[in-house]
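Computation of the quantities below employed the complete heavy-atom set of this structure, encompassing side-chain atoms and omitting hydrogens, waters and symmetry-equivalent molecules. One-based numbering along the sequence shown.
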Amino acid sequence: MRVYNFENDTSLSTDELYMKEALRLAQRAFEEDEVPIGAIIVSQGKIIGKGYNLTERLNDVTAHAEMQAFTAASNFIGGKYLKDCTLYVTIEPCVMCAGASYWTQISRIVYGAKDEKRGFTKFNQQIIHPKTEIIGGVMEEDCATLIKSFFRNKR
């Protein structure tokens with residue numbers, strides 16, 4: 001796996017830089033006719049895991065972007081806990097992904113657009129680990145536009 005380092009680019013905030021990378025993955029999902037959600041996991045200024053939705057290709061309802069990123073990051077560090085890591089995801093995690101984030105003990109979750117229908121905050125914010133910091137709305141418009149465009153094209 002390639003490790004990315006964005007520490008030298010100061011034109012955007014750190015959260016925006018990493019969300020741009022998650023958006024690139026979401027665009028890749030869009031191009032592959034998957035629901036366009038991208039996710040990356042960052043540790044110490046480096047991307048250590050990434051993923052995008054693969055539910056159609058893998059015929060697997062659990063193949064969400066976050067789940068792909070959790071697996072990749074855990075493999076990279078050689079352990080199941082992602083303390084001192086940040087998950088960047090273009091859309092608010094669903095209950096399944098939020099529950100998985102609890103078990104990883106990830107330190108931060110930064111998401112772009114809210115998921116009004118299936119996002120974890122609609123159901124139960126307690127599903128996130130109590131020490132996990134949640135930040136929403138990073139590049140929200142860009143993230144929302146991509147997913148809305150996908151579903152508009154499906155109708």
Side-chain angles (χ1 to χ4, degrees), residues 1-7 9 12-30 32 34-55 58 60-147 150:
M1 164 184 266
R2 287 184 11 215
V3 176
Y4 297 86
N5 187 342
F6 296 107
E7 291 174 345
D9 189 341
L12 298 171
S13 76
T14 301
D15 287 345
E16 289 172 326
L17 283 170
Y18 290 122
M19 189 60 74
K20 282 183 80 112
E21 184 63 26
L23 267 166
R24 280 194 265 290
L25 292 167
Q27 182 64 44
R28 186 169 170 190
F30 183 93
E32 294 180 19
E34 295 276 358
V35 175
I37 299 174
I40 65 168
I41 296 179
V42 175
S43 176
Q44 299 177 353
K46 294 176 178 39
I47 296 174
I48 63 166
K50 60 184 178 176
Y52 59 92
N53 271 6
L54 294 172
T55 57
L58 299 178
D60 179 357
V61 296
T62 68
H64 289 195
E66 300 95 322
M67 303 300 265
Q68 303 300 314
F70 290 147
T71 299
S74 293
N75 286 335
F76 183 86
I77 64 172
K80 61 185 176 181
Y81 297 117
L82 301 175
K83 294 178 181 179
D84 301 320
C85 294
T86 300
L87 167 68
Y88 291 89
V89 61
T90 56
I91 304 296
E92 173 188 356
C94 70
V95 173
M96 175 185 69
C97 294
S101 78
Y102 178 96
W103 294 110
T104 70
Q105 299 179 19
I106 199 154
S107 297
R108 292 176 73 225
I109 297 175
V110 178
Y111 66 85
K114 286 192 75 58
D115 183 344
E116 300 293 338
K117 292 183 181 178
R118 292 182 177 75
F120 76 92
T121 57
K122 176 181 168 103
F123 298 99
N124 183 352
Q125 207 160 358
Q126 300 292 330
I127 199 162
I128 298 291
H129 195 279
K131 293 183 180 178
T132 300
E133 177 187 6
I134 307 293
I135 298 167
V138 175
M139 298 187 69
E140 182 174 14
E141 189 173 321
D142 294 331
C143 294
T145 297
L146 182 60
I147 201 153
F150 177 81

Asp60 side chain near Met67 side chain, heavy-atom distance below 4.5 Å: no
Atom pair CZ/OG of Phe120 and Ser101 - distance to nearest 0.5 Å: 7.5 Å
Minimum heavy-atom distance between Leu25 and Gly51, given as atom pair plus value: CD1-O, 3.7 Å
Min side-chain heavy-atom separation Leu87-Glu66 under 4.5 Å: yes
Nearest heavy-atom neighbours spanning Lys50 and Ile40: CB-CG2, 3.8 Å
Under 3.5 Å donor-acceptor, Thr132 side chain and Ile106 backbone: yes
Interatomic spacing from CG in Leu23 to CE in Met139 - rounded to 0.5 Å: 5.5 Å
Distance in Å, Ile91 CD1 paired with Lys114 NZ, rounded so as to fall on 0.5 Å steps: 11.0 Å
Whether Glu34 side chain and Thr55 backbone form a donor-acceptor pair below 3.5 Å: yes
Exercise: do Glu92 and Thr121 side chains pair donor with acceptor under 3.5 Å: yes
Expected output: side-chain Thr90 to main-chain Gly38 donor-acceptor under 3.5 Å: yes
Point-to-point distance, once rounded to the nearest 0.5 Å, from CD of Glu133 to CD1 of Ile128: 12.5 Å
Criterion side chain to side chain contact (heavy atoms under 4.5 Å, CB included) on His64 and Val89, from CA distance to verdict: CA-CA 11 Å; His64 289 195; Val89 61; over 6 Å; no
Contact check, side chains of Gln27 and Leu146, non-hydrogen atoms, under 4.5 Å: yes
Glu21 side, atom CD; Tyr88 side, atom OH - distance, nearest 0.5 Å: 12.0 Å
Over all atoms of both residues, closest heavy-atom pair of Ile147 and Pro36: CA-CG, 3.9 Å
Lys/Arg N to Asp/Glu carboxylate O, Arg28 vs Glu32, below 4.0 Å: yes
Any donor-acceptor N/O pair, Asn53 side chain to Ala65 backbone, under 3.5 Å: yes
Pro93 side chain near Ile109 side chain, heavy-atom distance below 4.5 Å: yes
Main-chain N/O of Gly45 paired to Tyr18 side chain as donor or acceptor, under 3.5 Å: yes
Rounded distance [0.5 Å steps], CZ in Phe70 versus SG in Cys97: 6.5 Å
Parallel, tilted or perpendicular: ring planes of His129 versus Tyr102, cut at 30 and 60 degrees: tilted
